[in-house]
Each structure stands twice: as structure tokens, then as C-alpha cells.
Number of protein chains: 2
Amino acid sequence: MDTANKISKLAQKENLELICTGIPKTIDNDVGGPLQADGIFAVCDHDPGYGSVARNLAINILEANEENKASYTSDPVLVIGVMGRKIGFIPAAARLADPKREIPLLIILPESLSQDDYQSNLEFITEKVNEKLKKQRRCIVVIGEGVNVGDLGILRDSFGHAQFSASEKTVEQVLTNYLNGIDMKDSQGRAQSRLIVKGIARSERPGTRQRREIAYVSEVDREEAYQVGVYAAKLALSGVNGFMSTIVRDYNLPYKVNYDKIPLDTVANSEREFPKKWITSNRVDVTDEFVNWALPLIGGPLPKFAFDRRSAS
Amino acid sequence: MDTANKISKLAQKENLELICTGIPKTIDNDVGGPLQADGIFAVCDHDPGYGSVARNLAINILEANEENKASYTSDPVLVIGVMGRKIGFIPAAARLADPKREIPLLIILPESLSQDDYQSNLEFITEKVNEKLKKQRRCIVVIGEGVNVGDLGILRDSFGHAQFSASEKTVEQVLTNYLNGIDMKDSQGRAQSRLIVKGIARSERPGTRQRREIAYVSEVDREEAYQVGVYAAKLALSGVNGFMSTIVRDYNLPYKVNYDKIPLDTVANSEREFPKKWITSNRVDVTDEFVNWALPLIGGPLPKFAFDRRSAS
């Protein structure tokens, strides 16, 4: 919204007949100010698109768990790298698949680990993976693409700008290689796994599929995305300049939202953060407060699979 | 089926009361003998699971095309690495998304390129990508995980056995890095892209999600998978030893299959191949014969998206 704000001000200064209206649009939910002390997000409760990406990942985890239950004797660890380079709302959504914490799941946000010491991050994650393996013999790791696991060889264009979506390596591959001990080979070139069980870690990268699969659209998100756009269009047509349309949650239950406007200036100067207090103290999970906040956004109930006692802790 | 065949013979030799019955189960469709001169697959028309994986990829390509239409000014090239290390039935299924060949799509099977000269493979693919970029300004590449693009650092377990699913690098990442020119950096560390347009190539790896998403199950495949299992169970209960249940296509239209049995010995000694004549002469596509064979397996019609003239050639 920074650009919209600048253009809006410039147009006003130059006396141009130009109406600038913002619509929040960011699937990683990084527009809209921090969580306030009263438990309400300052500028925008959530951004359209996020609810569908969250539903997509939640269903992915449920199905990955079925896969992992069947294949863990050879592939005990599955590492899934998900979007959100600087902010962890997307990886956090993995918890929506399993609010009761029965799946052997680690959720790692960029904000949860060290920004500087990648080596300690790799060691820490390995330790946590092995704790899960000891207890449940298998483990699913959801990791945000911005978690610091070392130099990914970020590509720069001819102006020197970082091109985050095309790094030489990816976070899930680096972590998987570390778990498999690719860096430690014996005299015959065989990797020395860091896992305490037999078998390997494998990795997946759903990529842009996270944000473009019609099959996993949240009905709630679809409706809100439409309405927040309608609100913005009406705002622009009414001749008011320099606002963003926004989604305001009515915190009384059942879940309900209203649409409102907020000055672009306010949005441009409010940085969104994943609330620190929503990260659990063990740093590999998010809290029930996050689940309560996010669950209404993903729409109807998730598919159910047969319960397997082996996957319960 | 090799193991089933060996156990069956050993049990017979030792006079054990053991019935061995095979069920074809391989999503990459690599069990069942070659295509015969009469246009019929010798042992098994197709393996259960394949139809759903094919539907999954076809829908993925349709949606990737919508994404790419919107994002090509910054991300003109999307590389999707798919399953099937030795055989190309899975990448071939991308063509089912677009039998009219309107999407700027390259389909690369392990069998289509050189098994030895990875450097010429990389150069060849780059040339083909740039041809698409010249014509349509964007390109989607579907590449089988077994295409030779150089040493992927295949992991070996403590017995020295290859662990294909956990290689140090992946085919889509190696190709993407080559397209982005990560190996060619100037004095300031900026990559020198091999693409003839501005922007980057990015990569995705749907991984095991290809074979486990309920949302994309082919109704045809679901029914056949059940029935071929029923047939095998009945076979075993009838006391006959040493057969695999199989799917036989009735080549009269409309599409219809029957179930039959075939000796495990025959299956174990028939190697499946992707028919060479189903690979187009330009080596980046498959023929209409493949489409005609595969289309009935993926079930009902694919979702439709708005037609965009820019994506037509």
C-alpha cells in the first residue's frame, strides 16, 4: 500500500483528478498492522486469499499424514516448504489440520528461530525431529521458506534486486539434506543420516499451487474477497481518495465481519507481524489463540480420515 | 511382481500351502509390458492409481497456466518436476490439460532426451524454452524427475542402495538454476540469465501430493482400482496360485474395461516402456495417440477457465 499512498499524495499535490483506493491482497497475510493489546488486529483483521491458502495447507497436512502413516518405514520424515518469506501466517495454518495435536507435526515459522545462526537452527530442528521419531516413529515438518537455514543463493536481477522466488537452493531441500547427512559422507560416498531411525527425509515444495487451487478455496474467503473488492469499488466511485478497504472482525461469536475504510497513510505505516505470543515456547508450534483466530477463515469442516491409534501420542 | 513370482515358485517347490496373487499398483504405470504392434498393451492396459495422478497433473497444468498468465511479466517460466524416475507416463499426462496445444507447454520425459549427455539436454531445453518465450512470452515446463540434467547427488543407504526420493538436488531445481544462469555470475555476483526475456524461472515440486489428493481422484480410476482388487481377492480365494489380476481394455468405443488374470511369470518378464512412437519428433511433447489412450482414464471433464487469446499460439 506504500506505492498507492505515495501516488495518492502526489496526485493530490499536483491537483490531479485521481482517486487512489487500496484493496488488501496478500495471501501471506502481511498487510494490516500488528495485534493490539486488546486482541484485535489494528488495521485489517486478515487479508483476502489467506483463508484459502490456509485451508489448502491444512488439507495438505491431513493427506500428507495419511501418506506418511503408510510410507514411514522407508520415508519417516516429510519436509514441506511453504510460502511466506518474512512472516509465518502460512506455515502456522498447518496447525488447523490438527488442533488436538495428534499428528507428529513440527511447524517452523521464520520468526520462531534465530535470524543469524543458521547452524544452531539446523541442529535445533534435527533435535526436534528426532524427538518426534523417538515417540511416534515418523514426523512431518512444515517450514516457512524464509526460515534461516543458511545461504540459499538468492538470485539478483541486473539491478541487483533480490529475486526471492528463484533462489539456487530452497529451505526444504537444505533441511532435508542436513537431516539425511548429505554433508557427512564416509569413504564410500554414503551419506551418514542424522535421523535416529532407518529411512530418509524427503521434501516437497507446493509452490504457487498453494495460492491457485480452486479445489481448496475457502467459501468464507471467497465471499470476503469479493465483498472487500465491492467495498473498495464503491469507495472509489463515491469520490473519496486515499483509503484502503478493510475487513473488520466482529469479535462476538459466531464469526462475522464488516467492511470499512482506513487511510492509506495508516496502512503504509503499520507493519504486520505474526504475534510473538502465538508461537509456543518450544518454538515448533503455534498456540490455540492462533487456531481460534484462524479457524473461521478456512470455511467449512475439513475432510475426515480414519483415526489411526499409531499416530496418537 | 518379481518378488511375488519368486515367492510363488519357492512356495510351490517347498510344497507350502501358499497362494500368491499380484495386484498391479504403481502410479507411474510401469507394470504391464510394452505396447504391441496391434496397439494394445501386452500385459495390463494401465495400472490403478495412474488415472488419478494423471488427472491431478492435468488440473495442475490448467491452474498453473492461469497463474502464469497473470505473473509472467516477472516469472515467465514455471518448471514443475513430477514423479516417474524411469518412465514418462506421468509427465506425459500434462498434455491432457491441453490437447489443442494452446498453452505454452513443454513436456519432457526421461525417455525423450539423452541418457548420457546432460549438458546437451540442458542446452536443448533452454533453446526450446526460449522458442516458447519468443512466441508466447511465457512457458511452463513439465519435467520427469528422472530426466538427465547432471549428477543429482543420489543418496545411498548403509547398504549402498540408491534412495531416489532423497537426492541432494532435484531435476526442476537444476534446470531452473541453469535457466536463471546461476552458474554464470558477473563480478558483482549477479546471475546471467539464459532466458531471452526479463524475469526469472521458478520451480515447484508437488512430490507425494501427486498421488494422495482426494480432490483430484479420477472416478474411473477409483472404480477400476477397487474392481481389480476384488478380482485378485476372488482369484486368491478360488485357490489359484501365481497370477496377477489385470485390467484389459476393450478397444471398441465407448471406453470399457474387463478384469482378467495373467501369470506372475509373464509379468515379471515383461518390461513396460513408454512407447517411443508416442514421443513427438521435437522431443518436448507427446502425440495424440497418447492423448487418445490416456484421456478416458482421468474420468469426467476437466474444469474450464476463461479463454485468453494471449495464450493461443
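None of these values were measured; they are calculated from a predicted model. Reminder, nothing fancy here: chain letters follow the sequence lines and each chain counts from 1.
Residues A:Arg211 and B:Glu67 are paired through a salt bridge, judged by an N-O separation under 4.0 Å between the basic side chain and the carboxylate.
Atom NZ of A:Lys185 has more than 12 heavy atoms from other residues, nucleotides or ligands within 6.0 Å.
For A:Asp75, the part lying near chain B is the side chain, with the backbone staying farther off; criterion is any non-hydrogen pair under 4.5 Å. If you measure heavy-atom distances from A:Ala64 to chain B, the contacts under 4.5 Å come from both the backbone and the side chain. Only the side chain of A:Asn177 comes within contact range of chain B, with heavy atoms under 4.5 Å apart. Of the atoms belonging to A:Glu172, not a single heavy atom falls under 4.5 Å from chain B. There is no contact between A:Leu62 and chain B, counting heavy-atom distances below 4.5 Å. Looking at A:Thr170, the atoms closer than 4.5 Å to chain B (heavy atoms on both sides) sit in the backbone and in the side chain alike. For B:Gln192, no part sits under 4.5 Å from any heavy atom of chain A, backbone or side chain.
Under 3.5 Å, the side chains of A:Asn65 and B:Arg212 contain no donor-acceptor pair of N or O atoms.
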Practice task
Quick one: do B:Thr208 and A:Arg202 satisfy side chain to side chain contact (heavy atoms under 4.5 Å, CB included)? Show the steps, please.
Solution key: CA-CA 9 Å; B:Thr208 58; A:Arg202 60 188 298 164; 3.8 Å; yes
Problem - side chain to side chain contact (heavy atoms under 4.5 Å, CB included) assessment of B:Glu204 paired with A:Glu204 - result: CA-CA 8 Å; B:Glu204 297 181 0; A:Glu204 297 181 359; over 6 Å; no
Problem - Stepwise side chain to side chain contact (heavy atoms under 4.5 Å, CB included) check, A:Lys169 with B:Lys169 - result: CA-CA 9 Å; A:Lys169 300 173 196 169; B:Lys169 300 173 196 168; over 6 Å; no
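Across B:Glu168 and A:Gln173, no two heavy atoms sit closer than the pair O-NE2, 2.9 Å. Of all heavy-atom pairs spanning B:Pro206 and A:Arg209, the tightest one is CB-NH1, 4.4 Å.
Contact count against chain B (heavy-atom pairs under 4.5 Å) is highest for A:Asn56 among A:Val174, A:Leu78, A:Asn56. Between chain A and the options B:Asn180, B:Asn60, B:Thr176, heavy-atom pairs under 4.5 Å are most frequent for B:Asn60.
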